[in-house]
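What follows is a short report on a single structure.
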Amino acid sequence: QVTLVESGGGLVQAGGCLRLSCAASGGTFSSYHMGWFRQAPGKERELVAAITRSGGNTFHADSVKGRFAISRDNAKNTVYLQMNSLKPEDTAVYYCAADSGLIMTLTPKRYPYWGQGTQVTVSS
């Protein structure tokens, strides 16, 4: 069973950038597809980006396409989310999640392993 720990959140002004990291332990990291999700107060958890086991394929939600980029380093057991041109509407708790299924999924319910989340606040 894999354990996930996010870091890198914080308070940033609109237009700024942050890089989130998610360190995995207790499992074979390269066997998991990884996803970044976010949840704002009063809203459902939504997928931000996902990446396949090898890192060869990625998905980014339309709301972040061109601004955010997911990547992974299997040698360091870490997945990243580079966030540029941040907007106030990006304010949320950001979670990383892992799934060992055959195919990368975009559905939160299909991810069995979750980190504790890291807060990102973008001020206007």
Side-chain angles (χ1 to χ4, degrees):
Q1 181 170 338
V2 64
T3 300
L4 304 172
V5 179
E6 302 97 336
S7 61
L11 173 64
V12 63
Q13 289 187 332
C17 60
L18 286 173
R19 188 174 82 153
L20 304 184
S21 299
C22 173
S25 61
T28 303
F29 182 67
S30 60
S31 68
Y32 295 97
H33 304 302
M34 300 297 297
W36 281 101
F37 296 80
R38 67 186 181 186
Q39 189 166 19
K43 295 188 177 181
E44 292 187 355
R45 190 168 298 189
E46 64 174 357
L47 175 71
V48 176
I51 189 166
T52 54
R53 294 184 182 91
S54 66
N57 287 295
T58 61
F59 170 87
H60 295 82
D62 287 344
S63 59
V64 306
K65 201 170 292 183
R67 301 188 298 122
F68 292 10
I70 189 171
S71 63
R72 66 189 296 163
D73 186 338
N74 285 347
K76 294 183 178 180
N77 293 346
T78 302
V79 61
Y80 305 97
L81 185 67
Q82 178 66 43
M83 305 187 295
N84 300 326
S85 302
L86 282 159
K87 304 175 180 179
E89 51 264 43
D90 295 319
T91 296
V93 178
Y94 284 71
Y95 301 88
C96 69
D99 173 40
S100 60
L102 289 176
I103 300 173
M104 182 180 72
T105 180
L106 307 181
T107 306
K109 292 181 179 180
R110 298 291 299 275
Y111 284 80
Y113 307 109
W114 291 82
Q116 83 289 350
T118 185
Q119 176 71 46
V120 172
T121 303
V122 184
S123 64
S124 58

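All residue numbers refer to positions in the sequence shown, counting from 1.
Hydrophobic clustering (side-chain heavy atoms under 4.5 Å, transitive across Ile, Leu, Val, Met, Phe, Trp, Tyr) keeps V64 apart from F37. Y32 and I51 fall within the same hydrophobic cluster, where Ile, Leu, Val, Met, Phe, Trp and Tyr residues are linked whenever their side-chain heavy atoms come under 4.5 Å apart, directly or through other members. Put simply, F68 and I70 are part of the same group of oily side chains (I, L, V, M, F, W, Y) that touch within less than 4.5 Å, one to the next. Put simply, V48 and Y113 are part of the same group of oily side chains (I, L, V, M, F, W, Y) that touch within less than 4.5 Å, one to the next. The hydrophobic cluster containing Y111 does not contain V79, counting ILVMFWY residues as joined when their side-chain heavy atoms lie under 4.5 angstrom apart, directly or transitively.
Closest non-hydrogen pair, P108 versus L106, comes out as CD-O, 3.6 Å. Residues G8 and L18 share a closest heavy-atom pair of O-CD2, 3.8 Å. The two residues A69 and H60 come nearest to each other via the heavy atoms CA-NE2, 3.4 Å. Nearest heavy-atom pair, S123 versus L11, reported as atom, atom and distance to 0.1 Å: CB-CD1, 4.4 Å. Residues D99 and P112 share a closest heavy-atom pair of OD1-CD, 3.8 Å. In this structure, L20 and G9 approach most closely via the heavy-atom pair CD2-N, 3.6 Å.
Between the side chain of T105 and the main chain of T107, a donor-acceptor pair closer than 3.5 Å is present. Although no hydrogens or angles enter the test, the distance criterion places no donor-acceptor pair under 3.5 Å between the side chain of R19 and the main chain of Q82. In terms of modelled atom types and a separation under 3.5 Å, the side chain of R72 and the main chain of T52 share a donor-acceptor contact. Side chain of E6 to main chain of C96: a donor-acceptor pair is present (N/O by atom type, distance under 3.5 Å, no hydrogens or angles). Remark: side-chain polar atoms of R53 are paired, donor with acceptor, to backbone N or O of S100 under 3.5 angstrom. In this structure, H33 contributes its side chain and G101 its backbone to a donor-acceptor pair below 3.5 Å. At distances below 3.5 Å, not a single donor-acceptor pair connects side-chain atoms of Q39 with backbone N or O atoms of A92. Side-chain atoms of T91 come within 3.5 Å of backbone atoms of V122 as a donor-acceptor pair (strictly under, hydrogens ignored). When atom types are taken as modelled, the side chain of W114 and the backbone of L4 share no donor-acceptor pair closer than 3.5 angstrom.
Summarising the geometry, atom SG belonging to C22 is positioned 15.0 Å from atom OH belonging to Y94; distances are rounded to the nearest 0.5 Å. Here the CG-OH distance, from L81 to Y95, works out to 15.0 Å after rounding to the nearest 0.5 Å.
By the 4.5 Å heavy-atom criterion applied to side chains, M83 and V12 are not counted as neighbours.
With respect to K65 and D62, a salt bridge is recorded, a charged nitrogen being found less than 4.0 Å from a carboxylate O.
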